[in-house]
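Contents: one structure, followed by commentary.
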Protein chains: 2
Amino acid sequence: MASPLTRREVNREATLVDIRQQARELLVADGPAGVTLRPIARAVGLTAPALYRYYDSREDLLLDLIADLYDELSTSMERARDSVPAEDLKGRFMAVTMSFRTWARAHPREFELVFATPLGDPGQCKDARLEACGQRFGGVFQGLFVELWMRRPFPVPADHELDPRLRDQLHQWATDNAIPLPLGALEVFLVCWVRLYGMISLEVFGHLSFALTDVDPMFDAMLAEVANQLGLPEYAEHAPRLNRR
Amino acid sequence: MASPLTRREVNREATLVDIRQQARELLVADGPAGVTLRPIARAVGLTAPALYRYYDSREDLLLDLIADLYDELSTSMERARDSVPAEDLKGRFMAVTMSFRTWARAHPREFELVFATPLGDPGQCKDARLEACGQRFGGVFQGLFVELWMRRPFPVPADHELDPRLRDQLHQWATDNAIPLPLGALEVFLVCWVRLYGMISLEVFGHLSFALTDVDPMFDAMLAEVANQLGLPEYAEHAPRLNRR
DNA sequence: CGTAAACAGTGAACGGCGTTAATCACGGCG
DNA sequence: CGCCGTGATTAACGCCGTTCACTGTTTACG
C-alpha cells in the first residue's frame with residue numbers, strides 16, 4: 001500500500017523543512033538575532049502569523065533549528081569517522097575531531113547558536129529534542145573513546161586517586177549510561193572534551209587572536225598531545241595502517 | 001583649585017553610571033537580549049531618545065557595559081591575587097583562577113555577554129576600549145605566569161620541539177608585547193588558558209551537565225593538574241608559606 | 001455523496017523595539 | 001545680555017513577536 005500520509009501532511013513536512021532552511025540562511029547572514037519571523041515567512045511565501053501553524057513561537061522554531069544543526073554536525077562527524085578504516089582508531093579520532101573544528105569554523109553563526117546559548121538555569125534542557133541531539137553528538141566522541149580504551153587501554157588515574165566527590169559523580173554517570181569504562185578513563189574523557197571545546201570556542205569567538213593569527217598549528221599540537229595521552233602513538237601519523245589489531 | 005568639571009559634566013558622569021547600572025540590572029534579569037533602551041531610560045527617569053545624548057546606539061551602550069564588566073572581573077581577580085602574600089605564587093595562582101570561576105558562576109549573564117559574544121570576523125575588536133580591557137584581563141594571568149616562570153622555571157618544550165608555524169606566531173606575540181618568556185612557556189600558557197576557559201564556559205553554558213552535577217571537584221582537579229605542570233608543588237596546599245623565596 | 005470538522009492561511013491590530021527629526025529649555029561663556 | 005551647545009521631550013517610522021477574527025480548502029465520517 002502507498003504511504004499513509006495525506007497530501008496535506010506531505011505538504012506540511014515540505015513547508016517545515018523550507019522554514020528551517022530559510023531560518024538558517026538568515027542565521028548565517030545576520031546571526032542569531034537576525035532569525036526573525038517575517039523575513040522567514042516572506043522567503044517561504046507566507047505571512048508571519050502562518051508560521052504559528054508550524055511552531056508555537058519563535059523560540060520553538062529556534063529550538064528546532066538548533067536540533068537540525070546539531071544533527072548536521074553529528075552526521076558530518078560520523079561520516080568523517082566512517083571514512084577511516086575501523087582499525088585505524090587514531091585516524092578516526094583525528095578525523096572526528098578535525099571534522100568538529102572544521103564545521104565550527106565553517107559555520108561560526110551556527111556554532112554560536114548551538115554551543116553558546118545557555119541552556120537555562122534549571123539544569124535541565126529546555127527541550128527533550130536537544131537532550132537527544134546532545135546525546136548523539138557526545139556519543140560520537142564517547143563511542144570512539146570507549147572503543148579506544150577497549151582495544152588498547154591507556155594509563156588513567158586509579159579510582160583512589162580521584163577526588164571522592166568527583167568519583168561519585170563519574171560513577172553515577174557511568175551507571176546511568178552503561179559506560180563500561182573505569183572512572184579514571186571518564187575523567188580523562190572529560191578533560192579531553194574540555195580542551196577540545198575550549199580551543200574551538202576560543203577560536204570561533206576570537207579569544208585567541210590576542211596571541212595567534214592562525215590557530216591551526218596550536219590545534220594540531222593539542223590534538224597530538226591528546227592523542228598521545230590516549231595511547232595513540234605518533235609514528236602512525238603518516239602510516240595509519242601499521243597498528244593492526 | 002577645585003575640579004575643572006562644570007556642574008553639567010558631573011551630572012553627565014552620574015547619569016552615565018546610572019545608565020550602565022540600570023542596563024546591567026536588565027542584563028541580569030533578562031539576559032543580553034533584555035537590555036533595551038526604553039526600560040533603561042525609564043529606570044533612569046528619561047525617555048529613550050535621551051539616551052542618544054550619551055551613546056551613539058544601543059550597540060555602543062552594550063560595548064561600554066561589556067567594558068565595565070571586564071573591568072569588574074579584572075578588579076576582582078587582582079584583588080584576589082593581592083589578598084595572598086606575594087611569595088606564595090601558588091596561592092596567588094589559585095586565588096586568581098578561582099576568582100575567575102567564582103565571578104563567572106555568580107554572573108552567568110555577564111559572562112555570556114563578555115565571553116560568548118563573537119567579536120566580529122574582521123579579526124579586530126569592534127572597539128579599542130575592549131582591546132584594552134581584554135589586555136588588562138589577560139594581563140592578570142600573564143603577569144602571574146611570567147613571575148612564576150621567572151622565580152622558578154618549570155619544564156617547557158624547547159623551541160625546536162614546537163611546530164615552526166606555531167613558533168613563529170608565539171615569537172611575534174612575545175616580541176610585540178615584550179614578554180620575557182621562552183616560546184615553549186607561551187605555549188604552556190595558552191594551553192592553560194584553553195583549559196581554564198573551556199572548563200568555565202562549559203560549566204556556565206551547561207555543557208558539562210551531561211556528566212556532572214557539581215563541577216567543583218573536577219575544576220579543583222584540573223587546577224591541581226595545571227599547578228603541577230607549572231611547578232607548583234602540592235605539599236604547599238595547606239601550608240602556603242613554606243616555599244619562601 | 002455530502003457535510004462537519006480540522007487545517008492552512010490572511011489581514012488587521014497591539015504593544016514594544018531602535019532610531020530619527022523637530023522642537024523646546026536651560027546652563028555656561030563671550 | 002545674548003548666544004550656542006547641551007539635555008531632554010514628543011511624534012513618527014519601520015521593524016519585531018504575537019493574537020484575533022475571518023476565509024477558504026482538505027480531510028474524515030455517517
Side-chain angles (χ1 to χ4, degrees), chain A residues 1-27 29-66 109 113 117 126-127, chain B residues 1-27 29-66 109 113 117 126-127:
Chain A
M1 63 183 179
S3 75
L5 288 95
T6 149
R7 157 173 51 161
R8 208 146 54 177
E9 283 168 324
V10 54
N11 251 21
R12 181 182 178 82
E13 233 44 49
T15 306
L16 270 170
V17 324
D18 204 4
I19 289 175
R20 283 194 290 261
Q21 154 105 24
Q22 302 300 337
R24 176 157 184 188
E25 290 185 10
L26 278 177
L27 171 65
D30 305 331
V35 183
T36 63
L37 296 190
R38 271 178 251 257
I40 296 176
R42 204 174 305 129
V44 186
L46 292 177
T47 60
L51 296 181
Y52 283 79
R53 294 276 169 200
Y54 297 88
Y55 291 101
D56 286 345
S57 65
R58 179 190 115 112
E59 180 69 13
D60 200 38
L61 194 161
L62 273 187
L63 246 45
D64 224 39
L65 182 55
I66 293 180
R109 280 6 235 269
L113 185 63
T117 300
K126 293 177 183 172
D127 195 293
Chain B
M1 60 183 176
S3 75
L5 290 96
T6 150
R7 162 172 43 162
R8 211 150 48 177
E9 284 168 323
V10 53
N11 250 23
R12 182 181 177 80
E13 236 39 52
T15 306
L16 270 169
V17 323
D18 204 5
I19 289 175
R20 283 194 290 260
Q21 155 104 24
Q22 301 301 335
R24 175 158 185 186
E25 290 186 9
L26 277 178
L27 170 65
D30 305 331
V35 183
T36 64
L37 296 191
R38 272 176 249 258
I40 295 176
R42 205 174 305 129
V44 186
L46 292 176
T47 60
L51 296 181
Y52 284 79
R53 291 279 166 198
Y54 298 89
Y55 291 101
D56 287 344
S57 65
R58 181 192 114 112
E59 180 68 14
D60 200 38
L61 194 160
L62 273 187
L63 246 46
D64 223 40
L65 182 55
I66 293 180
R109 274 17 230 269
L113 185 63
T117 300
K126 294 176 181 170
D127 194 293

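Per chain, numbering begins at 1; letters A, B, ... match sequence-line order. Remember, it's a predicted structure, so these values are computed and weren't measured experimentally.
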Next item on the list: Specify the separation, in whole Å, of atom CG of L51(B) and atom P of dG18(C).
Entry: 9 Å

Checklist line | Relative orientation of the end axes in the helix from dC1(C)-dG30(D) to dG30(C)-dC1(D), expressed as an angle to the nearest 10° (five pairs per end) | finding: 10°

Note to self: My understanding is that only residues two or more places apart in sequence, or in another chain, count here; which of them pass side-chain contact (heavy atoms from CB on, under 4.5 Å) with D60(B)?
What the structure shows: Y55(B), D56(B), S57(B), R129(B)

Margin query: Checking E25(A) now: which residues fulfil side-chain contact (heavy atoms from CB on, under 4.5 Å) with it, not counting sequence neighbours?
Written below: Q21(A), Q22(A)

Check: NA contact type, Y55(B), heavy-atom cut-off 4.0 Å: base, sugar-phosphate, or nothing?
Finding: nothing

Enumerate donor-acceptor pairs with a distance under 3.5 Å from any side-chain N or O in residues 29-52 of chain A to protein atoms, sequence neighbours excluded.
none

Check: Separation of E9(A) atom CD from dC7(C) atom C1', in whole Å?
Finding: 11 Å

Next item on the list: Assign a letter to each nucleotide of nucleotides 13-22 of chain D from its 5' end: B, base within under 4.0 Å of a protein heavy atom; S, sugar-phosphate only; -, no contact.
Entry: ---BBBB---

Notebook entry, point to check: Roughly, in whole Å, what's the span from CG in L46(B) to P in dG7(D)?
Noted result: 11 Å

Notebook entry, point to check: OP1, OP2 of dA8(D) versus side-chain N and O of Y54(B): anything below 4.0 Å?
Noted result: yes

Notebook entry, point to check: Taking CG from D30(B) and P from dC17(C), how many angstroms apart are they, rounded to a whole number?
Noted result: 10 Å

Next item on the list: Provide, to the nearest angstrom, the distance between the CG atom belonging to N11(A) and the C1' atom belonging to dT27(D).
Entry: 13 Å

Note to self: Using whole Å, what does the distance between atom P of nucleotide dA8(D) and atom CD1 of I40(B) come to?
What the structure shows: 15 Å

Next item on the list: Please state whether the phosphate of dG9(C), meaning OP1 or OP2, lies under 4.0 angstrom from any side-chain nitrogen or oxygen of T47(A).
Entry: no

Margin query: Below the 4.0 Å mark, does dT6(D) have OP1 or OP2 next to a side-chain nitrogen or oxygen of R12(B)?
Written below: no

Notebook entry, point to check: Rounded to the nearest 0.5 Å, what separation is found between the OG1 atom of T15(A) and the OH atom of Y54(A)?
Noted result: 3.5 Å

Margin query: Under the salt bridge (charged side-chain N to carboxylate O under 4.0 Å, His left out) definition, can you give me all pairs with a residue in residues 12-23 of chain A, not counting sequence neighbours?
Written below: R20(A)-D64(A), R20(A)-D68(A)

